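Sharing a structure with you now.
From a predicted model like this one, the values you see are computed outputs, not experimental measurements.
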Amino acid sequence: MTWQDLARELAAEIVAEGVLRTPSLRQAVEKTPRHLFVPRFYTQEPDRSWVQTAAGGEEWLAAVYRNQPLVTDLATTADGDRVTVSSSTKPGLMVRMLEALDLADHHRVLEIGTGTGYNAALLCHRLGDGRVFSVDIGAALVEAAGERLASLGLSPVLVVGHGGLGLPEHAPFDRIIATCSVPAVPRAWAGQVRVGGLVLVDLKPSVHAGNLALLRRTADGLTGRFLPRWAGFMAMRDADRAPDAAPALGDQSAGTRSDTTLPATPWTHLVPWFLAQVGMPGEVSVGYTGLAGGRPEWSTLSAADGSWAWARITGAREIRQGGPVRLWDRVEAAHDEWETLGCPDWDRLGLSVTPDGLHRVWLDEPDSGHEWVLPAR
């Protein structure tokens with residue numbers, strides 16, 4: 001099969017899912033050669049080593065046109081680990097986000113996170129390259145994306161820089177779309193989108209703790225709702241290097257002990273985990289440690305201020321926690337509150353961001369009287 005055949009199949013699959021509804025976006029998926037933007041990708045083995053699949057052959061081409069994300073760039077941490085720093089997002093998710101933006105022919109769009117350049121190519125096909133702007137902290141990523149786009153005769157504005165600053169020299173924009181997560185919506189974005197314009201952002205104060213929010217610019221800031229289906233992106237980087245290591249886990253033998261009825265992995269219960277961030281001391285990292293019968297024995301939470309919690313996965317559900325903030329207690333309180341409210345899903349949650357940066361999460365309506373204020377970041 002040719003890449004054109006595979007691209008048409010990919011578009012048809014996304015249509016069948018009920019995600020791809022706009023003819024112009026369907027045409028963008030069918031006409032944009034994703035393989036040009038993913039000349040190689042990486043998969044991780046059970047032993048955590050990475051295997052590269054490079055351009056050439058049916059296996060590579062078929063994988064590129066599946067409706068799946070692909071890891072496209074790695075960096076090495078100070079500890080010698082290789083970690084993901086760029087990927088080609090699942091095409092169905094890209095389309096879902098572009099559909100949510102309700103694009104019109106005249107719109108000027110700022111993309112935060114150039115990555116491979118594929119999403120910028122879809123935008124160029126829909127709007128024309130003169131209306132597409134993109135920024136990424138990775139200099140090599142931007143250079144490669146520019147070359148790929150140029151090979152298709154496309155020349156959107158691509159800039160190497162910190163995505164949180166936006167592109168003030170090219171503002172105002174009608175739409176801003178972020179393909180990386182942020183712990184708080186940068187104030188610069190509200191100032192660079194027109195009144196009535198939209199910002200689509202993956203708000204994640206901690207790992208997995210949040211979702212895509214579609215916010216409209218008003219005279220009072222940004223306000224809108226979280227999208228019904230959860231999605232996640234890699235965190236926006238502050239520098240062109242591998243992310244910093246997670247905080248220390250703490251010494252579980254020195255902490256206080258308690259029991260819990262909650263799952264040992266609270267980040268898998270997405271909404272209460274998000275609501276728990278209100279009482280957290282900044283970003284909370286999650287992970288696993290210890291081995292028991294070939295499986296991790298504990299799940300872990302850790303924060304930069306030295307707060308930590310361990311939850312036993314195997315056997316009795318035991319909790320150990322210590323540091324300035326009792327992280328697991330916050331998890332328990334948020335889960336109890338969520339259950340009391342009837343276990344609301346994302347479709348009942350909204351977000352308002354004031355010009356001074358206050359993030360107010362609300363239930364059902366902005367003036368419902370039930371809200372959570374996220375810590376300042």
Side-chain angles (χ1 to χ4, degrees), residues 18-19 21-22 25 89 93-104 106-113 119 123 133 163-164 166 171-206 208-233 235-236 270-275 277-278 338 341 344-377:
V19 172
R21 302 180 302 276
T22 305
L25 286 179
T89 305
L93 174 55
M94 291 184 191
V95 169
R96 180 156 67 93
M97 295 174 71
L98 294 178
E99 289 278 9
L101 288 178
D102 191 23
L103 296 169
H106 66 279
H107 282 163
R108 303 173 76 251
V109 178
L110 170 61
E111 176 193 38
I112 310 296
N119 196 51
L123 284 166
F133 305 79
F173 303 100
D174 299 285
R175 302 289 189 264
I176 296 178
I177 178 173
T179 56
C180 53
S181 70
V182 292
V185 182
R187 298 183 192 183
W189 297 357
Q192 293 176 32
V193 68
R194 298 180 189 274
V195 172
L198 296 174
V199 175
L200 182 53
V201 55
D202 184 20
L203 179 67
K204 294 281 195 317
S206 292
H208 300 310
N211 193 13
L212 296 172
L214 183 63
L215 309 175
R216 187 172 296 278
R217 169 73 192 284
T218 71
D220 299 321
L222 297 167
T223 191
R225 292 184 174 274
F226 290 93
L227 298 191
R229 292 171 56 186
W230 186 86
F233 287 89
M236 183 167 63
L270 297 170
V271 174
W273 173 238
F274 172 56
L275 299 180
Q277 304 311 305
V278 172
W338 176 69
L341 293 170
D345 209 342
W346 293 111
D347 59 349
R348 293 185 60 191
L349 296 181
L351 174 69
S352 296
V353 183
T354 61
D356 62 359
L358 179 71
H359 285 54
R360 187 171 62 87
V361 178
W362 36 266
L363 182 68
D364 295 328
E365 298 295 338
D367 57 355
S368 66
H370 207 112
E371 66 178 37
W372 302 261
V373 177
L374 296 176
R377 294 292 180 93

Smallest heavy-atom separation, R96 atom then A231 atom, equals NH2-CB, 3.7 Å

inquiry  = Can you classify the ring geometry of H208 versus W230 as parallel (below 30°), tilted (30 to 60°) or perpendicular (above 60°)?
reply    = tilted

For W372, the ring-ring contact (aromatic ring centres under 6.0 Å, His included) test, sequence neighbours excluded, returns H370

**OP:** Please answer whether the main-chain N or O of G224 pairs with a side-chain N or O of R216 as donor and acceptor at a distance below 3.5 Å.
**Re:** no

Would you say T218 and D220 are linked by a side-chain donor-acceptor pair, where the criterion is simply a distance under 3.5 Å? no

| said: Under the criterion side-chain contact (heavy atoms from CB on, under 4.5 Å), I'd like the reasoning laid out for L98 against I177: C-alpha separation, chi angles, the key distance, then a yes or no. | reply: CA-CA 8 Å; L98 294 178; I177 178 173; 4.1 Å; yes

From CA spacing to verdict: side-chain contact (heavy atoms from CB on, under 4.5 Å), L110, V193
CA-CA 9 Å; L110 170 61; V193 68; over 6 Å; no

Minimal heavy-atom distance between P366 and R360, with the atoms involved, is O-NH1, 2.8 Å

State whether the side chain of T179 and the backbone N or O of G113 hold a donor-acceptor pair below 3.5 Å, judged by distance alone. yes

R217 side chain vs A190 backbone, donor-acceptor pair below 3.5 Å
yes

For V278 and V373 the tightest heavy-atom approach is CG1-O, 3.6 Å

Scanning both residues in full, the closest heavy-atom pair of K204 with G232 reads NZ-CA, 3.7 Å

Determine whether a donor-acceptor pair (N or O, by modelled atom type, separation under 3.5 Å) exists between the side chain of W346 and the backbone of V271. no

d(E371 CD, L363 CG) to nearest 0.5 Å is 11.0 Å

Contacts of F173 meeting ring-ring contact (aromatic ring centres under 6.0 Å, His included) (sequence neighbours excluded), chain-then-number -> F133

Value for CG (L93) from CG (L212), rounded to nearest 0.5 Å, stands at 6.5 Å

Of all heavy-atom pairs linking F233 and C180, the shortest is CB-CA, 3.7 Å

Rounded to the nearest 0.5 angstrom, the CG-CG distance for L198 and L214 is 5.0 Å

Exercise. Side chains of L200 and L227: does their closest heavy-atom pair fall under 4.5 Å?
Worked result: yes

Q.
Any heavy-atom pair between the side chains of N119 and T89 that's under 4.5 Å?
A. no

Review point. With distance as the sole test, does S352 use its side chain to make a donor-acceptor pair with the main-chain N or O of V361 at under 3.5 Å?
Key: no

Quiz item: Is it true that a side-chain atom of E99 and a backbone atom of R21 form a donor plus acceptor pair closer than 3.5 Å?
Solution: yes

Query raised in the report: Looking at E111 and R175, does any basic side-chain N land under 4.0 Å from a carboxylate oxygen?
Result: no

- prompt: Checking side-chain contact (heavy atoms from CB on, under 4.5 Å) for the pair V201/I112: CA distance, chi angles, key distance, verdict?
  reply: CA-CA 9 Å; V201 55; I112 310 296; over 6 Å; no

- Query: Do V353 and V199 come close enough that some side-chain heavy atom pair is under 4.5 Å?
  - Reply: no

Residue pairs passing the side chain to side chain donor-acceptor pair (under 3.5 Å) test with at least one member in residues 184-195, sequence neighbours excluded, are D174-R194

Rounding to 0.5 Å, atoms CH2 (W273) and CG (L275) come to a distance of 11.5 Å

Rounded to the nearest 0.5 Å, the CG atom of L103 sits from the OG1 atom of T22 at a distance of 8.0 Å

What one should report as the nearest heavy-atom pair of H359 and L351 is CB-CD1, 4.3 Å

